[in-house]
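Here the structure is laid out as structure tokens; the discussion comes afterwards.
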Protein chains: 2
Amino acid sequence: MATIYQVSELAGVSLATVSRVMNNNARVSEATRNKVLAAMDQLGYRPNSIAQSLASNRSNSVGILVSELHGPFYGEMLSGIENECRAAGKHVIIAAGHSEEASEIDGIEFLISRSCDALILHVEAVSDDYLIKLAAGNIPVVLINRYIPQLADNCICLNNELGGYLATKQLLQQGHRQLAYIAGPMWKSDAKDRYAGHLRAMAEYGATFNPALFAEGDFQDSSGSACMQQLLDKKLPFTALVCANDEMAAGAMEVARQQGLQVPEQLSIVGFDNLILARYIHPKLTTIDYPIGEMGRMAARWVLKHIYQQQTLTLKNVFEPALVCRESACAR
Amino acid sequence: MATIYQVSELAGVSLATVSRVMNNNARVSEATRNKVLAAMDQLGYRPNSIAQSLASNRSNSVGILVSELHGPFYGEMLSGIENECRAAGKHVIIAAGHSEEASEIDGIEFLISRSCDALILHVEAVSDDYLIKLAAGNIPVVLINRYIPQLADNCICLNNELGGYLATKQLLQQGHRQLAYIAGPMWKSDAKDRYAGHLRAMAEYGATFNPALFAEGDFQDSSGSACMQQLLDKKLPFTALVCANDEMAAGAMEVARQQGLQVPEQLSIVGFDNLILARYIHPKLTTIDYPIGEMGRMAARWVLKHIYQQQTLTLKNVFEPALVCRESACAR
DNA sequence: TAGTATGATGTAAGCGCTTTCATTTATAGC
DNA sequence: GCTATAAATGAAAGCGCTTACATCATACTA
């Protein structure tokens, strides 16, 4: 492997000049530049990124911690981040936190130990306090889908309240007035906000909210099934169901089918997230689009702007959901 | 940030001794070790991984190139790799190649430029020659789901022929004798092998193979739909369908439904891959399990053994598929 | 012509750590 | 007590590159 010394000898210039040409960060005459480039070419020179990182005190890497590496949601996010960072010549180091506090902290510490220039975190279990302290330390942090007021500028979020509102509004506009709701775990802010949006739409359309038509799930499809069974066991009439995410909607739909309910003719269902599975279940799920790929890209742009001084980038912290109409909801 | 110099001063020992304690790679007396550990603790010492990498000529990173970062298949693989590498203290750098030759090469070059100690590649478009040359170079390469005879030891593959055989055998054992087949793109070895397994099972059970009941798709669900439509347009009788992957099976199932065919009563369908979506479509898909998470783990173990000398690990290059019976196939 | 400013390049130190070889210390055997 | 061997530690060089300050060359102005 050729080193910068060999290039400088062959080109007949100093190390500093080779470095200047390589990094394009200072004036070098055209003639000298060409000599250096020719020498690099001849030697097949490839810079040692590790030496560059040590000398410049910058690793050119971005650490990403997500709950899981498998699953449609996180893949989209990773893809958005990697794509954006790679285009800017930065590499992406991944770790999984498994939504457990100790594991999330372990993953974060691991990434810190790799001298990542910044962290992009999608974490659930660690406390706000931990994250506030972390962000006050040496390494810049961007949070996806986690809102902390003290770190507002570092948070990239979806307007979940609006998403819950849109999901419910669609059914209300289709004439439904008796709506059931399967919530995510209510300690999570996204579950809470989505529910708040549901309540707002109900109030706005003068639909009577019935607490007996509310059930709390855990965002897994099995809890959607269980909640749906609970709701049906109460034998209260409802013609539509809003689920706080697509997986629970899939589970609920399965139980509806088992109980002989026609979807959407007898029961309209709306989910949230627009996961890829929404297109495979039958009938295809009407849902709320969660632009997680785009949010990942925005997180990467945040890093590029704040850490690497790419000032041309405009940032956006709050993303809007959008209704995706498919086949699981129809007019009453 | 404390450096090794500060630790050595506080502990009253040399740099070399601090390094020996830190890396546990040479004899150090218990008393000296304790002095060093106490000094590290007091200073909150955290080694600079970049300096370690430069001095040791080892980056402790593994580069992974996959076709796409989103999608259920790749997430499982990434998860398996990251989990295993992380447990061994190595970090994982990801890149996406988008199944295009130029993009795959660009991604590989990017990972090489990061001085990754090894590459784990799931690539489709680059040629065997390119990979053979790459593996002959300075950086060790493991291939997942790509078999190259010259690099047999570096390849981690599924026995696709057996998978195709098992998929078809299931239907034949259920009494079906008129089977249609939707293949993946036949320039791909996995598509070819799965089809070969199908033919073997057909021959073994004395079922007549009819070329008119064969259609070639591209592994996307839309091509599954198109092929199914083609097959139905021929108005030839068949009671069962084998699809070379789950996504095409989902597409085919959708068309069958639109054409009024009851699945599985009138048409049994078997897929391949056991993607998560197989559990969400209705009826739940009978399919062939592809242990991609385990294969990712094995690729990581290959790297740990060959590059980092973890000799306790046993390796396995060929994985066996398994039939997963759900609801989309029944006895004729 | 001399002084000043600008453009271009070189020199030297250092980033934080590893590791080889040299030196010192401790132990065992005669 | 002396010698040889083993254990333990230290000194020094270097990994490949960046960058601040020094130096040189050239152009312009008074």
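Just so you know, these numbers use all the heavy atoms, side chains as well, and skip hydrogens, waters and symmetry mates. By convention in this document, chain letters (A, B, ...) are assigned in the order of the sequence lines, proteins followed by strands, and residues within each chain are numbered from 1.
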Give a yes or no on whether [X] atom [atom1] has more than 12 heavy-atom contacts from other residues, nucleotides or ligands under 6.0 Å away.
X: Asn25(B); atom1: CG; result: yes
X: Asn57(B); atom1: CG; result: no
X: Gln42(B); atom1: CD; result: no

- Message: dT18(C), OP1 or OP2 - any side-chain N/O from Gln52(B) closer than 4.0 Å?
- Response: yes
Length of the line joining [X]:[atom1] and [N]:[atom2], which is rounded to integer Å:
X: Ile4(B); N: dG14(D); atom1: CD1; atom2: P; result: 19 Å
X: Asn48(B); N: dC17(D); atom1: CG; atom2: C1'; result: 14 Å
X: Ile50(A); N: dG14(D); atom1: CD1; atom2: C1'; result: 16 Å
X: Arg58(B); N: dG16(D); atom1: CZ; atom2: P; result: 15 Å

- Compare the minimum distances between each of dG16(C), dG16(D), dT19(C) and the side chain of Ala51(A), then state the nucleotide with the smallest one.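 That would be dG16(D).
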- Message: Closest approach to the side chain of Thr17(A), judged atom by atom: which nucleotide of dC17(C), dG10(D), dT9(C) is it?
- Response: dT9(C)
- Looking for any heavy atom pair under 4.0 Å, which part of the strands does Asn57(A) touch: base, sugar-phosphate only, or nothing?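 No contact at all - Asn57(A) keeps every heavy atom at 4.0 Å or more from the nucleic acid.
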- Message: Could you check whether any side-chain heavy atom of Pro47(B) comes within less than 4.5 Å of a side-chain heavy atom of Met22(B), counting everything from C-beta outward?
- Response: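 Touching, per the 4.5 Å side-chain cut-off.
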- Query: What are the two closest heavy atoms between Ile139(A) and Cys116(A), and how far apart are they?
  - Reply: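 Looks like CD1-O, 3.0 Å.
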- Message: Tell me which one of Phe319(A), Phe73(A), Tyr74(A) satisfies ring-ring contact (aromatic ring centres under 6.0 Å, His included) with Tyr290(A).
- Response: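 Answer after filtering Phe319(A), Phe73(A), Tyr74(A): Phe73(A).
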- Item | Check: Tyr5(A) side chain, dC17(D) base, donor-acceptor under 3.5 Å | yes
- Item | Within residues 20-47 of chain A, residues whose heavy atoms come under 4.0 Å of DNA chain D | Arg20(A), Met22(A), Asn23(A), Asn25(A), Tyr45(A), Pro47(A)
- First of Leu15(A) and Thr3(B) reached from the 5' end of DNA chain C, by closest nucleotide: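 Its nearest nucleotide being more 5', the pick is Leu15(A).
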- Is there a donor in the side chain of Ser53(A) and an acceptor in the side chain of Ser59(A), or the other way round, less than 3.5 Å apart? no
- Task: Could you say whether Leu54(B) or Ser14(B) is positioned toward the 5' end of DNA chain D, judged by the nucleotide with the nearest heavy atom to each?
- Result: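 The 5'-side residue here is Ser14(B).
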